[in-house]
> 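Structure below; questions to follow.
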Amino acid sequence: SLAAAGHSLGEYGALVAAGALEASAGARLVQARGEAMQAAADANPGTMIAVLGLGGPEVEEACRETDEAWVANDNTPAQVVVAGTHRGTDEAGAAAVRRGAKRVIGLQVGGAFHSPLMRPAQAPLDAALTGTVLSPSLYPVVANVDARPHTGGFGALLSAQLCSQVRWRESLGALAALGASLLVELGPGTELSGMSRRTVPDIARANVAGPDDLDTLAAA
């Protein structure tokens with residue numbers, strides 16, 4: 001059986017793949033989301049950092065030492081991304097190092113995504129979602145916001161995703177619980193495959209960046 005998940009923006013692609021969202025409507029929705037998030041980033045400047053070698057609960061504790069940083073992506077058991085103001089991420093990063101983080105890396109991003117600093121984008125995104133047809137999916141899609149499989153209710157889930165943590169580590173666990181035997185990463189790069197290797201290492205992985213990779217997928 002099939003199931004899907006997408007990391008952050010990738011969740012929109014997962015919904016297209018699962019038949020819940022038409023590709024053209026998805027493109028318009030992604031454009032509206034991007035424009036709203038850019039305006040929010042301009043209004044509430046911020047950034048993101050990757051904390052390596054520390055788990056989600058410990059990074060949450062580090063973020064509680066400041067009121068301007070939040071866990072944005074819980075990616076693997078030892079890779080967590082924090083979003084916030086520049087001051088907040090500096091303080092949270094230092095607190096994470098004190099808790100044993102091996103490394104803190106600044107990310108080249110344009111804003112503090114998946115954090116409360118994105119709230120100015122909420123109303124424009126919700127308006128775009130209201131004007132978009134979202135159908136029941138052909139197979140379960142594991143949502144970022146709760147790491148649970150869904151076949152409907154995607155408008156509310158995408159709305160909540162904007163300012164909420166991407167629970168990717170738990171989402172990979174949910175795919176494993178659904179019986180996944182092969183995880184296929186669609187698109188260029190292998191970042192998600194690397195996350196799966198560090199989180200659910202017993203599940204096989206494949207990458208499809210273009211048509212030439214389909215033969216490799218068939219062999220897998």
Side-chain angles (χ1 to χ4, degrees), residues 5-16 21 23 25-52 54 56 59-60 62-76 79-97 101 103-129 131-132 143-145 155 157-169 171 185-195 209:
H7 190 288
S8 187
L9 179 64
E11 188 160 89
Y12 290 76
L15 291 172
V16 172
L21 180 62
R28 290 191 295 271
L29 193 53
V30 165
Q31 180 180 2
R33 178 181 182 268
E35 291 172 351
M37 291 172 71
Q38 182 61 61
D42 292 341
N44 292 331
T47 190
M48 303 174 82
I49 58 172
V51 178
L52 307 182
L54 209 60
V59 180
E60 291 273 11
C63 288
R64 283 196 285 271
E65 293 200 17
T66 176
D67 58 359
E68 294 184 8
W70 304 266
V71 170
N73 310 145
D74 182 1
N75 285 332
T76 77
Q79 187 204 106
V80 181
V81 173
V82 171
T85 65
H86 292 275
R87 180 180 72 83
T89 53
D90 284 347
E91 292 177 349
V97 170
R103 194 176 176 194
V104 174
I105 303 171
L107 302 182
Q108 298 299 312
V109 295
F113 306 122
H114 296 289
S115 83
L117 296 185
M118 286 291 106
R119 281 182 184 142
Q122 193 70 65
L125 174 61
D126 289 348
L129 287 167
T132 302
N144 286 180
V145 296
L157 292 165
L158 291 175
S159 174
Q161 188 221 59
L162 179 68
C163 297
S164 298
Q165 182 183 137
V166 175
R167 295 169 61 177
W168 192 248
R169 173 182 57 82
S171 295
E185 179 173 359
L186 300 178
T190 59
E191 186 68 23
L192 298 183
S193 297
M195 292 179 189

> Measuring from T89:OG1 to I49:CD1, what's the distance to the nearest 0.5 Å?
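Between atom OG1 of T89 and atom CD1 of I49 there are 5.5 Å.
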> With side chains defined as the heavy atoms from C-beta onward, is the minimum distance between Q79 and W168 less than 4.5 Å?
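A side-chain contact under 4.5 Å is absent here.
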> With a 4.5 Å cut-off on side-chain heavy atoms, are V82 and C63 touching?
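Result yes, sub-4.5 Å side-chain heavy-atom pair found.
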> First locate atom CD1 of I105, then atom CG of L52, and finally report the distance between them rounded to the nearest 0.5 Å.
4.5 Å
> Going by salt bridge (charged side-chain N to carboxylate O under 4.0 Å, His left out), name the residues that satisfy it together with R33, two or more places apart in sequence or in a different chain.
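Result, salt bridge (charged side-chain N to carboxylate O under 4.0 Å, His left out) vs R33: none returned.
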> So, for G110 and A41, which heavy atoms are closest and what is the spacing to 0.1 Å?
O-CB, 3.4 Å
> Taking the side chain as everything from C-beta on, heavy atoms only, tell me whether L107 gets closer than 4.5 Å to T47.
no
> Residues in salt bridge (charged side-chain N to carboxylate O under 4.0 Å, His left out) with R87, at least two apart?
D67, E68, E91
> Quick check: does any side chain N or O of S171 sit under 3.5 Å from a backbone N or O of R167, one acting as donor and the other as acceptor?
yes
> Would you sort out whether T132 and R28 count as a side chain to side chain contact (heavy atoms under 4.5 Å, CB included), showing the intermediate values?
CA-CA 9 Å; T132 302; R28 290 191 295 271; over 6 Å; no
> Do H7 and N75 touch side chain to side chain, with heavy atoms closer than 4.5 Å?
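Side chain of H7 against side chain of N75, heavy atoms only: contact under 4.5 Å found.
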> Just by modelled atom types, is the C163 backbone N or O under 3.5 Å from a matching donor or acceptor in the H114 side chain?
no
> Can you tell me how far apart CD (Q161) and OH (Y12) are? Round to the nearest 0.5 Å.
5.5 Å
> Check whether any side-chain heavy atom of F113 lies under 4.5 Å from a side-chain heavy atom of M118, and answer yes or no.
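Counting from C-beta outward, F113 and M118 do come under 4.5 Å.
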> Would you confirm whether Q122, through its side chain, and S159, through its main-chain N or O, come within 3.5 Å as a donor-acceptor pair?
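At least one qualifying donor-acceptor pair exists.
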> At their closest point, which heavy atom of A36 faces which heavy atom of A121, and how far apart are they?
O-CB, 3.4 Å
> Please round to the nearest 0.5 Å and tell me the distance separating atom CG of L15 and atom CG of L29.
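These two atoms lie 9.5 Å from each other.
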> Does N73 have any side-chain hydrogen bond (donor to acceptor under 3.5 Å, both in side chains) partners at least two apart in sequence or in another chain, and if so, which?
none
> Kindly give the heavy-atom pair with the smallest separation between A83 and M48, and that separation in Å.
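Closest approach of A83 to M48, heavy atoms only: CB-CG, 3.9 Å.
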> Closest approach of P45 and L117, non-hydrogen atoms and distance?
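Between these two residues, the closest heavy atoms are O-CD1, 4.1 Å.
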> Which pair of non-hydrogen atoms, one from A209 and one from P188, has the smallest distance, and what is that distance?
CB-CA, 4.0 Å
> Output the distance between atom CG (L125) and atom CG (L158), rounded to the nearest 0.5 Å.
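Going from the CG atom of L125 to the CG atom of L158 covers 7.5 Å.
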> What are the two closest heavy atoms between A160 and V145, and how far apart are they?
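Nearest pair, atom of A160 first, then V145: C-CG1, 3.7 Å.
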> Does any non-hydrogen side-chain atom of L54 lie less than 4.5 Å from one of V80?
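The answer is no; the side chains never approach within 4.5 Å.
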